[in-house]
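The block underneath contains the structure these notes are about, expressed in structure tokens.
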Protein chains: 2
Amino acid sequence: MVQVQPVEVVFHALANPTRRAMVERLARGPAIVSELAEPFDMALPSFLQHLKVLEGSGLVQSKKVGRVRSVRLVPDRLAPAVHWLTKQHRLWEQRLDQLDAYIANMEKEDD
Amino acid sequence: MVQVQPVEVVFHALANPTRRAMVERLARGPAIVSELAEPFDMALPSFLQHLKVLEGSGLVQSKKVGRVRSVRLVPDRLAPAVHWLTKQHRLWEQRLDQLDAYIANMEKEDD
DNA sequence: TGTTTACTTAGGTATTGACCTAAGTATTCG
DNA sequence: CGAATACTTAGGTCAATACCTAAGTAAACA
């Protein structure tokens, strides 16, 4: 039941400030929808679309109990994105020395 | 002249597979447009839109020399995204550890 | 100088994204 | 039971994204 979380949907989910704020909030603990939505100046249906995107990305799960839906982060779903990013970051920085000469040359006449 | 790179545009730039592939390619060194575009089954103008998004995100810079445009990564532009992600990842795992401890504790007192 | 090369610009389509309002439905409370 | 609460569904707008073709332009080559 552990479906693969492509880096794809995770980056897309995190490309939106509302959704990033939700993740930041949830990193401090689970919350119910109305609680989560409260800080945002947005109609509830709009907010729920963001929640759906986050759930679709696998970063978040929710469960309805009675008339209340509670939301929480799913463990380790950030890992693939973290790994992709840090790998690129490492490769990138490794190349810095070689790049430096090239940059110095390019910056003489940038267009 | 170092403009701030909001996590925003970086995540958006990386949310697309063509652009991620470009970044992966460029992490191995600079390239010219036609070289970069070659692996993609896409019309050149479409590909150039992706290049524009990457340049807009600050991750990449390009310069035209003669009729050829060369493209390279810009140092350290991934940093803000890496930092945001790793911070959340850390908080996330911390929080879940606490939860585990809490549950383990509850289960002890349970019997 | 004419042609090829390497983009570049212009303009078009189709889909997705981010919002909205209005009207549901299902629980819970008094 | 009736009203309030907490979403949920339906449907609509508008902008942005991801692609395309066709027709430029500017170097470089023969």
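When reading the values below, keep in mind they use all heavy atoms of this one structure, side chains included, and skip hydrogens, waters and symmetry mates. Residue numbers start from 1 in every chain, and the chains themselves are labelled A, B, ... in the order their sequence lines are given, proteins ahead of strands.
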Counting heavy atoms from C-beta on, name the nucleotide in [options] closest to the side chain of [X].
| X | options | result |
| --- | --- | --- |
| B:Q49 | D:dC7, D:dC19, C:dT8 | D:dC19 |
| A:R19 | D:dT21, C:dA18, D:dT8 | C:dA18 |
| B:V68 | D:dC7, D:dC19, C:dC7 | C:dC7 |

Determine: side-chain N/O of [X] to OP1/OP2 of [N], distance under 4.0 Å, yes or no.
| X | N | result |
| --- | --- | --- |
| A:K64 | C:dT27 | no |
| A:S46 | C:dA18 | no |
| A:H50 | C:dC19 | yes |
| B:N16 | D:dA18 | yes |
| A:H12 | C:dG17 | yes |

Just the rounded figure in Å: distance from [atom2] of [N] to [atom1] of [X].
| X | N | atom1 | atom2 | answer |
| --- | --- | --- | --- | --- |
| B:F47 | C:dA6 | CZ | P | 15 Å |
| B:M42 | D:dT17 | CE | P | 15 Å |
| A:L36 | D:dA6 | CG | C1' | 14 Å |
| A:E8 | C:dT16 | CD | C1' | 13 Å |
| A:L51 | C:dA18 | CG | C1' | 15 Å |
| B:I32 | D:dA27 | CD1 | P | 16 Å |
| A:L54 | C:dG17 | CG | P | 13 Å |
| A:E38 | D:dC7 | CD | P | 13 Å |

Using a 4.0 Å heavy-atom cut-off, does A:S34 contact any base of the nucleic acid, only the sugar-phosphate backbone, or nothing at all?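 If one applies the 4.0 Å heavy-atom cut-off, A:S34 turns out to touch the sugar-phosphate alone, with no base involved.
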For B:R67 and for B:L44, find the nucleotide of DNA chain C with the closest heavy atom, then tell me which residue's nucleotide is more 5'.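 It is B:R67, whose closest nucleotide lies nearer the 5' terminus.
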On DNA chain C, check which nucleotide each of B:K52 and A:D41 is closest to and give me the residue with the more 5' one. B:K52
For the pair [X] (side chain) and [Y] (backbone), establish whether a donor and an acceptor sit closer than 3.5 Å, ignoring hydrogens and angles.
| X | Y | value |
| --- | --- | --- |
| B:R69 | B:V33 | no |
| B:R20 | B:L14 | yes |
| B:W92 | A:V23 | no |
| B:R19 | B:H12 | yes |

Consider only side-chain heavy atoms of I, L, V, M, F, W and Y, link residues closer than 4.5 Å, and tell whether A:L36 and A:I32 are in one cluster. no
